[in-house]
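See below for the structure under consideration.
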Amino acid sequence: MIYRLIHRTHYRYSHQVDVANHIACLRPRELPRQHVLEFKLGIAPEPAGMVERADYFGNTLQVFSIQTPHRELVVLSRALIQVRAPAPQQAAANPPWESVRDRLREDRSASGLDAYQFAFDSHRIPLRPAFAAYARQSFTPHRLLRDAALELTARIHADFKFKGGATSVSTTVDEVFEKRVGVCQDFSHLQIACLRSIGLASRYVSGYLRTYPPPGKERAIGADASHAWLSIYCPGPEGCEPVWLDVDPTNNCVPRDGHIALGWGRDYSDVSPLRGLILGGGSHTLKVGVDVEPIEEENLVETASAPAAI
Amino acid sequence: MSGAASETQRDEPAIETYHTPHALHQPYDEARDDGRTRPHWAPLMQTIDETGAAELARRWARAERRIRENGVTYNVYGDPQGTDRPWKIDMIPLILPQSEWAGIERGLIQRAALLGEILNDIYCEQELVRSGALPAELLLANPAFLRPMVGAPIPAASYLHLLAVDLARSPDGQWWVLADRAQAPSGAGYALENRLIVSDVLPDLFHHSQVRLLAQFFRAQREALQALSPAADPRIVLLTPGPLNETYFEHSYLARYLGFTLVEGVDLTVRDRTVFIKTFTGLQKVDVILRRVDDSFCDPLELRGDSLLGVPGLVDSVIAGNVRVANALGSGVIESASIMPFLPGLCQSLRGERLLLPSVATWWCGQPPAREWVLGHLDSVVIKPAFPSRRMEPVFAANLDSEGRAKLAERILAEPHSFVAQEQVALSRLPVWESGPAEPNACGAAPLQMRPLVLRAYVLNSGNGWIVMPGGLVRVAGEDGQVVSMQRGGHSKDAWVLSDEPVDRFSLLHPRNVPIELRHEPPLLPSKSGLNFFWLGRYIERSECATRVLRATVTRFPHAGLSELQCLVRLHESLDLGQSKLPKDRNARTLPQRFQQELISVLADPEREDGLFWSIEHAYQAGNRVRERLSLDMVQLLSRLRSSIPAQPQPLEDYPRILSEAMQLLASFSGLERENIHRGPGWLFLSIGRRLERALSLCRRLRGMAQPFGEDDWPFLELMLEAADCSMTYRSRYYTTLQPLPVLDLLLKARPNPRSLDFQLAKLVELYQKLARHLPADLETMREALIGLRALDLGKLHYPLPNAKDNAKARGFNTLRGFLNDLETVLHSWARNLVARYFSHVSVLPIKVGE
């Protein structure tokens with residue numbers, strides 16, 4: 001499936017901003033199941049300099065500063081992306097969960113170490129006995145990891161209520177766990193917290209969701225906005241490529257070709273799509289618009305060259 | 001940092017490599033061995049005996065005065081009285097002979113080199129983690145591991161430019177490492193100040209003892225920082241979190257001593273991946289940052305998002321290779337005590353050497369055998385966070401009840417990698433000399449108590465090798481405490497390393513044999529410092545004005561009749577008192593009492609923003625923020641000024657003396673201000689602040705003259721002259737005939753009178769013109785104000801004289817009042833423009849968006 005993606009972030013400031021330093025994490029990652037055909041980042045006003053570099057997790061960051069006084073900032077990300085469902089052999093990896101947990105502590109291969117860093121608490125995700133207890137209802141002794149993970153995903157989907165605006169970016173996982181409401185970011189943080197609290201490695205995935213509805217189905221929640229889900233480290237037998245199992249607790253599904261991944265990190269703070277520090281500005285309003293449009297192959301040329309207004 | 005002493009009995013540790021027997025015996029006595037003074041302590045003990053308690057007390061009082069006047073301070077967090085607390089030290093140094101120091105020195109150098117190699121590996125190859133020599137958790141679970149710094153082009157010598165190591169001596173005489181400080185170690189500047197204080201109290205002993213000097217260490221530090229940058233003449237700044245930081249005194253002290261510009265995060269900006277310092281003439285590139293800001297606070301954009309102490313974009317500038325930071329960002333990762341159990345092995349594998357200076361027995365609970373041992377021996381260890389950024393207080397499990405212990409064990413089991421256990425070392429003790437008024441000692445022998453100590457030693461990476469500071473900062477526990485911490489009431493000492501040979505007294509910081517180039521460009525003034533100079537000028541003038549007015553009032557108040565009292569109130573109200581508690585209803589019966597309350601409140605209420613105490617405090621604070629740019633005399637004057645006004649209300653009759661003293665200090669300050677400050681931009685802002693404030697207070701006071709004078713108002717004229725310090729000038733012109741018009745003329749229009757409004761406006765024009773980048777429109781505004789003032793025709797004013805056959809009506813006052821009102825408005829908006837023009841970018845903190 002090929003998508004045309006438009007992600008527009010628009011800040012308006014009540015006072016003039018003199019200088020702004022920003023970091024964008026908006027370029028979709030190149031993955032076995034995901035190929036970026038085209039990517040453009042437009043910024044207004046014109047940044048003084050823009051550097052692209054990879055972060056520790058392999059995401060691409062765009063670092064830029066704006067040194068001319070401005071009252072608004074528009075960042076427009078446009079991409080053409082080809083997405084496939086995950087390969088079936090990857091889905092096969094399904095060891096007992098304790099063996100994954102124990103192997104993490106011993107595995108010093110590059111991929112093992114990379115996974116292990118997602119087993120600890122992070123800025124927004126604490127580890128708690130209560131989270132562990134919640135997870136253990138699904139992660140019973142010797143249960144296969146994939147089965148337990150899917151069940152945990154389903155339980156969070158059932159136990160927690162999706163409510164846009166019920167939480168903000170500063171809402172903690174503890175509050176979400178207590179109040180049982182939230183949005184995709186909250187559910188992902190919570191499920192990650194549960195998994196890490198029992199010693200598994202799990203990472204936060206920032207991305208987009210295809211805009212449905214196909215006939216006869218309900219419209220998926222999270223469409224036309226940034227989306228978030230999580231990956232669980234689930235290695236196959238020795239010698240095989242390590243596998244990360246993606247799950248989406250907001251929609252109780254395993255992402256297939258409808259999920260476009262931007263990047264991943266320990267939690268939202270590592271991969272927030274656009275952050276910055278501004279000098280001046282007073283109060284601000286933020287408008288984010290995301291459009292994920294599936295397109296036909298033959299329309300590609302035209303679409304790619306179509307100008308998009310900022 | 002804290003070390004703790006205990007003599008708890010405990011079982012033998014289960015893990016052999018951790019075995020340390022030193023908690024079992026009597027603490028080591030630094031000064032005596034088996035009741036007899038150790039040879040290297042003998043000269044000191046003899047000096048103390050011979051000098052006698054009385055003389056020592058006298059010298060110590062001098063030292064304490066010096067500490068207060070030089071503003072050597074330390075801030076204690078969470079204590080309302082905690083800011084700018086005088087630095088605490090006692091005169092008896094820790095004394096170590098060269099023979100013993102040589103061993104410590106070797107151990108410190110080896111440790112620094114080892115930790116430097118480990119850091120280098122952590123941020124480059126990570127071979128140690130891959131090979132298993134270093135548990136992966138120590139990086140991956142450690143918040144101090146700064147991922148953005150991995151692979152950044154960082155000079156190896158900057159990872160540990162300066163390492164501080166806290167050392168303790170166990171009962172068997174062996175030194176152990178309690179902790180490593182690897183981010184922004186504090187205390188080296190206090191060690192230097194301690195040296196100056198103690199060598200001044202014990203001058204003969206110091207000179208005859210061949211004490212190794214500290215200056216060379218600091219010179220080497222400056223050279224090492226210069227060498228970090230490829231630039232030929234790099235610009236180096238010292239980055240401080242600001243005056244509320246516990247060791248701010250030291251930051252400004254070192255900045256001055258090393259010759260670096262002291263900056264806060266807000267003084268710096270990143271443009272085009274390069275760090276610049278904001279000066280009031282524009283941006284200047286920064287090459288090297290010596291930071292006293294902790295790792296994660298250094299860049300709110302890429303590191304810890306909730307801090308605004310740092311510089312947004314600093315990480316990116318480091319990655320681009322455009323700035324060097326010492327210690328390198330991320331060096332805090334090896335401060336974790338969890339690394340200690342692995343150092344012997346790492347030393348062996350990386351350097352092929354035995355670890356010379358062992359760490360205090362430490363168990364990292366991330367290892368199953370260590371965890372089991374710890375859980376079985378909770379009583380005999382201190383539980384600490386493995387990662388210091390987690391801000392957990394050390395727990396002495398022996399002090400917990402069984403429920404508390406069970407909870408602790410549960411916490412450890414839930415996140416074992418987050419905890420370490422350390423043995424409690426029985427710290428060595430040394431004598432302290434307790435100063436204080438109530439310690440008469442009949443036999444003349446100085447009272448010496450013994451206290452536990454921790455020595456903080458410093459190792460510098462010179463680029464060509466490691467240099468150890470010969471000495472360090474000694475901290476001793478408080479009177480009843482076992483915990484050694486300045487935050488918890490401990491105090492400090494000097495440390496003397498006695499050389500076997502005569503020491504070279506050649507002043508190393510000021511070499512005489514090195515040619516130096518003459519420099520004429522103005523010294524770099526960060527905008528923030530300019531702002532502080534501006535406020536220093538304003539608050540000093542505000543204090544001076546209030547002091548004069550209050551002194552004139554309190555001397556007259558006790559015997560003032562009602563009409564004079566009304567004049568005093570009128571003068572009082574010219575002080576711009578927003579929080580005045582004087583009633584509108586001026587009842588003759590209650591007025592004296594109410595006015596007395598108001599006076600005391602303005603004089604002594606620390607909460608009143610319009611009070612004298614507040615003005616002086618803020619003059620001190622503004623001065624403190626630029627102390628490295630003021631002469632020592634000025635710093636001392638500000639300290640004395642600050643303590644000249646008691647914070648507790650005094651009887652009103654004491655205030656004439658108090659205010660006269662304050663007045664003398666203020667007069668000395670303005671003398672120094674004229675003669676003692678380089679006429680650079682700092683002085684310009686200071687002077688503008690002063691002139692502006694004086695002009696404003698003149699406007700307010702002169703408004704009191706824009707009305708006819710009744711007979712009862714006559715004393716007001718005298719007060720006006722005294723408040724403006726113009727009595728003598730007036731008399732030299734008009735003898736003793738007091739009349740409103742000549743007074744007004746003298747205070748409003750007399751051009752040569754430095755107290756007249758004309759003089760202030762003319763000065764403001766002159767000073768503002770000298771400022772780089774000044775706004776022509778604002779210059780014009782001030783010029784017009786001056787022209788307007790000169791165009792005022794006082795001849796049109798008519799004050800009817802009392803008791804005179806004067807038929808002409810009072811007139812012309814509306815014009816005068818209108819002019820003064822307008823001028824006051826203009827001055828305020830002009831000041832706002834000035835601040836916006838030069839300081840807005842340092843007055844506004846950055847705002848975080850997107851998270």
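When reading the values below, keep in mind they use all heavy atoms of this one structure, side chains included, and skip hydrogens, waters and symmetry mates.
Proximity to chain A (any heavy atom under 4.5 Å) is restricted, for B:Ile319, to the side chain, taken from C-beta onward. Proximity to chain A (any heavy atom under 4.5 Å) is restricted, for B:Arg273, to the side chain, taken from C-beta onward. Only the side chain of B:Gln126 comes within less than 4.5 Å of a heavy atom of chain A; its backbone N, CA, C and O stay farther away. At a 4.5 Å heavy-atom cutoff, A:Val17 makes no contact with chain B through either its backbone or its side chain. With a 4.5 Å cut-off on non-hydrogen atoms, A:Phe64 does not touch chain B at all.
In terms of heavy-atom pairs under 4.5 angstrom with chain B, the leader among A:Asp121, A:Leu61, A:Ile278 is A:Ile278. The candidate from A:Leu286, A:Val19, A:Asp18 with the greatest count of non-hydrogen atom pairs under 4.5 Å with chain B is A:Val19. Heavy-atom pairs under 4.5 Å with chain B were tallied for A:His22, A:Arg128, A:Arg266; the largest tally goes to A:Arg266. Ranked by heavy-atom pairs under 4.5 Å with chain A, the first of B:Met149, B:Glu410, B:Arg147, B:Glu137 is B:Arg147.
Between B:Leu140 atom CG and A:Ser122 atom OG the span is 12.5 Å, to the nearest 0.5 Å. To the nearest 0.5 angstrom, A:Gln67 atom CD is 5.0 Å from B:Asp272 atom CG. Residue A:Leu277 holds its CG atom at 8.0 Å from CG of B:Asp299, rounded to the nearest 0.5 Å. Distance check: A:Asn21 CG to B:Arg271 CZ gives 8.0 Å after rounding to the nearest 0.5 Å.
A:Phe120 and B:Phe387 have their aromatic ring centers separated by at least 6.0 angstrom.
Nearest heavy atoms, B:Arg130 versus A:Leu113: CG-CD1, 3.9 Å.
In this structure, B:Lys285 places its NZ atom where more than 12 heavy-atom neighbours from other residues, nucleotides or ligands lie under 6.0 Å away. Annotation for A:Arg101: atom CZ counts as buried by contact number, over 12 foreign heavy atoms lying within 6.0 Å. Open room surrounds CD on B:Glu125; 12 or fewer heavy atoms of other groups in view lie less than 6.0 Å from it. Within 6.0 Å of CZ on A:Arg12 lie no more than 12 heavy atoms contributed by other residues, nucleotides or ligands.
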When you look at A:Gln117 and B:Phe145, which way does the side chain to side chain contact (heavy atoms under 4.5 Å, CB included) test go after all the steps? CA-CA 11 Å; A:Gln117 68 177 322; B:Phe145 172 51; 5.7 Å; no
Begin from the C-alpha positions of A:Arg105 and B:His417 and carry the test side chain to side chain contact (heavy atoms under 4.5 Å, CB included) through to its verdict. CA-CA 11 Å; A:Arg105 294 180 186 151; B:His417 60 266; over 6 Å; no
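Between A:Arg108 and B:Glu127, no side-chain nitrogen of the basic residue sits less than 4.0 Å from a carboxylate oxygen of the acidic one, so the salt-bridge criterion is not met. Contact check on B:Asp316 versus A:Arg53 returns a salt bridge, with a Lys/Arg side-chain nitrogen under 4.0 Å from an Asp/Glu carboxylate oxygen.
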